Amino acid sequence: MDSIALRITTLGVVPVIQLHHPQRDAIPLAQALIAGGLPVAEVTFRAAGAADAIAAMVQAYPDMLVGAGTVLTEAQVDAALAAGAQFIVTPGLDAQLVQYCQKKGIAIFPGCTTPSDYHTAHRLGLEVLKFFPAEQSGGLAKIKAMSAPFPMFRIMPTGGISLKNLREYLSCPAICACGGSYMVTSELIDGQKWSEITDLCKASVQIVKEVRSHG
């Protein structure tokens, strides 16, 4: 497992962020995440200005782990890299995009939910896969079933994860971390509710600690 995947595994939770006002919100959001014990962000390219948000976070907090999510094209990979992103997350498995990232030397975690996805990912030499959308694709039961023929993968489920089911997901040995937007909803960010975001991060970190201390 590479160093980025190891850092994500250590943290256990990755906030998945969509910023509508990156100039206003990127830095205070980064501060809120760090204060909550989650110095990591997957900034999605669903919203315009994602690269600007990544650059702002990286420049303000060089030790923070910042990546780009919902990446669909090589041009977006280039924009994310130029902004200082340290990892790439894609919603699906695009072999050409994976190979492009590998050539560029940046970690990529593609969305995989089928045996064919896993098979292709294995051939591409990947170790950590995003499982998206997790709840809608069969959730924990499917992740466990898929890990039987593919025990070499560590899984990062995203989609439908909340404080209510975080503990259950993290208790599965195949899962290295969970992606979630419950602590960084549009309502919280647009309302600039930074202390609430910090509190949700702290609650998440506590669950990670409790699960792993009993593991």
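What you see is a predicted model, and the numbers here were worked out from it, not measured in a lab. Scope of the values below: all heavy atoms of this structure, side chains included, with no hydrogens, waters or symmetry mates.
Grouping the Ile, Leu, Val, Met, Phe, Trp and Tyr side chains by contacts below 4.5 angstrom, directly or via other members, places M57 with F45. Cluster membership for V58 and V16, using ILVMFWY side-chain heavy atoms within less than 4.5 angstrom, is not shared.
S204 pairs in a side-chain contact (heavy atoms from CB on, under 4.5 Å) with only one of the listed residues (L163, D199, L170, L11), which is L163.
Every side chain to side chain contact (heavy atoms under 4.5 Å, CB included) that Q99 has, sequence neighbours left out, goes to Q102, L124. Take D52 and apply the salt bridge (Lys or Arg N to Asp or Glu O under 4.0 Å) test, not counting sequence neighbours, and it matches no residue. In this structure F153 satisfies the ring pair (Phe, Tyr, Trp, His ring centres under 6.0 Å) test together with Y118, sequence neighbours excluded. Take R167 and apply the salt bridge (Lys or Arg N to Asp or Glu O under 4.0 Å) test, not counting sequence neighbours, and it matches E210. Every residue two or more places apart in sequence or in another chain that forms a side chain to side chain contact (heavy atoms under 4.5 Å, CB included) with E187 is listed here: T185, K193.
Within 6.0 Å of the NE2 atom in H119, the count of heavy atoms belonging to other residues, nucleotides or ligands does not exceed 12. Within a 6.0 Å sphere centred on NE2 of H122, heavy atoms belonging to other residues, nucleotides or ligands number 12 at most. A 6.0 Å sphere centred on NZ of K142 holds more than 12 heavy atoms belonging to other residues, nucleotides or ligands.
Counting only residues at least two apart or in different chains, salt bridge (Lys or Arg N to Asp or Glu O under 4.0 Å) contacts with residues 71-87 comprise D78-K104.
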